[in-house]
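Down below is the structure, laid out as structure tokens.
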Amino acid sequence: MNAPRSEFLKVLTERGYIHQTSDFDGIDTAALEGRLTTYVGYDCTGPSLHVGHLLSIMMLHWLQKTGAGKPITLMGGGTTRVGDPSGKDESRKLLTVEQIEDNKTSIKGVFSRFIAFGEGKTDAVMVDNAEWLTKLNYIEFLRDVGRHFSVNRMLSFDSVKLRLEREHELSFLEFNYMILQAYDFVELHKRYGTILQMGGSDQWGNIVNGIDLGRRQGTAQLYALTCPLLTTASGAKMGKTASGAVWLNADMLSPYDYWQFWRNTEDADVVRFLKLFTTLPLDEVDRLGALQGAEINEAKKALATEATALLHGREAAELAAETARKTFEQGALAETLPTVEIASGQLEEGLGVLAAFGPDYAKLVPSMSEARRQVKSGGLKVNDQTVTDDRGVLKLSDLTAEGVIKLSFGKKKHVLLRAV
RNA sequence: GGGGGAAUGUCCCGAGCGGCAAAGGGGGCGGACUGUAAAUCCGCUGGCUAUGCCUUCGUAGGUUCGAGUCCUACUUCCCCCA
């Protein structure tokens, strides 16, 4: 692999996005000529994408920014009806078509934060593979596409092999996923001149299948580029928090919580994440990375603010940073903490502490039983006072001068209960 | 087609003579220590209208005062013979 000549691959290489490519020089040349039309596919299995998807979105961002080519975001409206078996032990429950459509609508919004859509040469477009997949004729499809796939070879792919080795069922439906994804690649080539598919390293097999199919059907040379699967320095899968995945949609994870997620990055990951998840120039990253000991916290704040600004906007990011500063560095009550409203009447009658923390109000803990357990281990606080009695009751007199009650779970998670 | 084995706490792996909310790990969460980090140590890790009640051991039945444990059928997987 030679040193990249294109700005696009230069950036991707320097910032650590590349895990594997099918033909580095070929991609490099196309990028240099600005004809690297590239797609990434996104399943519609949930109502929001999460940080795991961010890497590929950032790659599309750089693709556009460096003028290497046109980004295409492919919504898997069709493939999600089949289900990708990659990396999963069990079949996902079949989603209804309505659920998939709802998810798709809900997911769409985040892309425009990172890439510009439009009609121009390097403007991004969004397409949905339901458009062509749902119209396929089975027999025709088998004859045109199916004959190019060897089952012997398909069985050797990790996504399939894992299931077989683990003794878990793999339905014929799911077995077809890789064929459909391969077909997508070729179809996108025909429609938009797409020549590159990017994705996580777990998608390598699926992408290469598309390249093979293209060659057999006589398309131009297609390419693959994958990014590494993200793990933290201590080996944990990235993107999980107490309350689940780190969602990108603001209504599922507030900008403040998103900021907190990045703020809590392990020391050893800071530089890597600055390169991957912010657009800060590399010399600035180097400067931040050189900080030692407790000073690394400055780098983490920069990471949090920059990453949040990309997704939720500069203003929301600054606000989150300020809220965190007040809460953690001054120990003051930040009015901008996540807030849950409660009827004053409820407080007049008295609201059980457990209930206040539980799923009906602050949602800091998932159940009353969990709240009870946390009281035992001293994890709950009301107005910075540790809760000791699980039968305690919150009353109007617990309201601070600002008219709120501050509920804390652990040291990092806070919610304000505001009487209305 | 015949024979033998397996499925356990809705995160994973895994023990479980008929009295079991079910050993032990990993992961996760909380506490201590720190720097809102890592490592380490301690605690917790089904739900609820809570000294009690309800739901859990592949699925559906049965035996029993009582079933994760015994029986029958079914599902999926592994091994051996054909």
Side-chain angles (χ1 to χ4, degrees), chain A residues 87-93 160-172 174 231-246 256-274 288-289 291-305 307-308 320-332 334 337-338 349-355 357-360 363-382 384-393 407-414:
Chain A
K88 295 182 196 69
D89 284 348
E90 287 175 35
S91 316
R92 193 184 283 273
K93 261 186 249 138
V160 174
K161 211 166 57 179
L162 187 87
R163 281 284 186 86
L164 297 181
E165 279 170 5
R166 288 259 213 151
E167 303 176 15
H168 286 292
E169 190 195 63
L170 176 73
S171 69
F172 181 67
E174 295 170 288
T231 52
T232 67
S234 32
K237 267 186 208 139
M238 210 184 125
K240 287 287 165 70
T241 65
S243 39
V246 180
Y256 171 75
D257 286 329
Y258 189 73
W259 192 94
Q260 281 296 327
F261 168 74
W262 293 109
R263 174 62 245 265
N264 286 306
T265 298
E266 293 176 27
D267 287 9
D269 289 324
V270 173
V271 170
R272 192 159 56 104
F273 288 180
L274 278 168
L288 290 167
L291 296 173
Q292 290 299 313
E295 287 189 331
I296 288 179
N297 285 326
E298 292 311 311
K300 291 184 187 178
K301 286 182 215 167
L303 168 64
T305 301
T308 307
E322 179 59 14
T323 301
R325 199 182 61 77
K326 276 191 191 156
T327 306
F328 289 97
E329 292 175 27
Q330 299 184 340
L337 280 172
E349 291 173 26
L351 173 64
V353 262
L354 299 183
F357 279 93
D360 292 337
K363 297 181 176 60
L364 283 165
V365 293
S367 71
M368 303 280 278
S369 299
E370 177 63 16
R372 202 179 305 269
R373 280 193 288 271
Q374 287 303 338
V375 168
K376 284 205 188 92
S377 48
L380 301 185
K381 288 184 189 148
V382 172
D384 298 318
Q385 295 286 310
T386 303
V387 177
T388 50
D389 180 7
D390 60 12
R391 278 172 306 188
V393 168
L407 303 180
S408 310
F409 173 42
K411 279 188 284 249
K412 298 177 189 174
K413 292 177 281 287
H414 311 278

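Residue Glu370(A) comes nearest to Pro366(A) through the heavy atom pair CG-CD, 3.8 Å, listed as atom of the first residue, atom of the second, then distance. The shortest non-hydrogen separation linking Phe328(A) to Gln260(A) is CE1-NE2, 3.4 Å. When every heavy atom of Val365(A) is checked against every heavy atom of Ala371(A), the shortest pair comes out as CG2-CB, 3.7 Å. Of all heavy-atom pairs spanning Asp360(A) and Lys363(A), the tightest one is O-NZ, 4.5 Å.
Separation of the P atoms belonging to G68(B) and G61(B) is 15 Å when rounded to the nearest angstrom. With both ends at atom C1', the span from A39(B) to G35(B) equals 14 Å, rounded to whole Å. Nucleotides A7(B) and G52(B), compared at atom C1', are 34 Å apart to the nearest Å. A gap of 38 Å separates the C1' atoms of C12(B) and A82(B), to the nearest Å. U49(B) and G27(B) have their C1' atoms separated by 33 Å, with the value rounded to a whole Å. Nucleotides A38(B) and A32(B) place their C1' atoms 16 Å apart, quoted to the nearest Å. Here the separation of A21(B) from U45(B), taken at their C1' atoms, is 13 Å to the nearest Å. Going from the C1' atom of U51(B) to that of C13(B) covers 35 Å, rounded to whole Å.
An OP1 or OP2 oxygen of A32(B) is reached within less than 4.0 angstrom by a side-chain nitrogen or oxygen of Lys411(A). Distances shorter than 4.0 Å separate none of the side-chain N or O atoms of Lys376(A) from OP1 or OP2 on G31(B). Side-chain N/O atoms of Lys412(A) include one lying less than 4.0 angstrom from OP1 or OP2 on A37(B).
Atom-to-atom, CG of Leu288(A) to C1' of G35(B) comes out at 16 Å; the value is rounded to the nearest Å. For the pair Gln292(A) CD and A38(B) C1', the computed distance is 14 Å after rounding to whole Å. Put simply, CG on Leu364(A) is 20 Å from P on G28(B), counting in whole angstrom units. Taking atom CZ of residue Arg263(A) and atom P of nucleotide A38(B), one finds them 11 Å apart after rounding to whole Å. The distance from atom CG of Leu303(A) to atom P of U36(B) is 16 Å, rounded to the nearest whole Å. In this structure, NZ of Lys301(A) is placed 10 Å from C1' of G35(B), rounded to the nearest angstrom. Whole-Å rounding puts the Lys300(A) NZ to U34(B) C1' distance at 11 Å. As a whole-Å value, the separation of Arg272(A) CZ from A37(B) C1' is 15 Å.
Summarising the base pairing, G18(B) is matched to no nucleotide, lacking a Watson-Crick or G-U wobble pair whose two defining distances lie under 3.5 Å. Across all strands shown, G27(B) pairs with U45(B); the Watson-Crick or G-U wobble distances both stay below 3.5 Å. With a cut-off of 3.5 Å on both pairing distances, the Watson-Crick or G-U wobble partner of A73(B) is U59(B). Under the Watson-Crick or G-U wobble criterion, with both distances below 3.5 Å, A39(B) has no partner in any strand shown. Base pairing of A67(B): no nucleotide in any strand meets the Watson-Crick or G-U wobble criterion (both distances under 3.5 Å).
Of the possible donor and acceptor atoms, none in the side chain of Thr327(A) sits under 3.5 Å from a partner among the backbone N and O of Ala324(A). With Lys300(A) contributing its side chain and Thr265(A) its backbone, the two residues share a donor-acceptor pair below 3.5 Å.
Counting any heavy atom pair closer than 4.0 Å across all strands shown, Thr265(A) reaches sugar-phosphate atoms only and no base atom. Contact annotation for Glu295(A): no contact, since no heavy-atom pair falls under 4.0 Å across all strands.
Within a 6.0 Å radius of CD in Gln385(A), other residues, nucleotides and ligands contribute 12 heavy atoms or fewer.
Listed nucleotides: A38(B), G30(B), U36(B). Nearest to the side chain of Glu266(A): A38(B). Nearest nucleotide to the Asp267(A) side chain, out of G35(B), U36(B), C29(B): G35(B).
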Legend entry - Footprint string (nucleotides 47-54 of chain B, 5' to 3'): B base within contact, S backbone only, - free, heavy atoms under 4.0 Å: SBSB----

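Taking syn as a glycosidic angle within 90° of 0, C20(B) qualifies as syn.
Summary of the strand contacts: Leu380(A) and Ile296(A) both lie near RNA chain B, and taking for each the nucleotide with the nearest heavy atom, the more 5' one is attributed to Leu380(A). Place Ala321(A) and Ser377(A) on RNA chain B by their nearest nucleotides, and Ser377(A) ends up nearer the 5' end.
A heavy-atom distance below 4.5 Å is not found between the side chains of Val270(A) and Leu288(A). Side chains of Val353(A) and Leu380(A) form no contact here, defined as non-hydrogen atoms less than 4.5 Å apart.
Classification of Asp269(A) and Arg272(A) as a salt-bridged pair holds, one side-chain N sitting under 4.0 Å from a carboxylate O.
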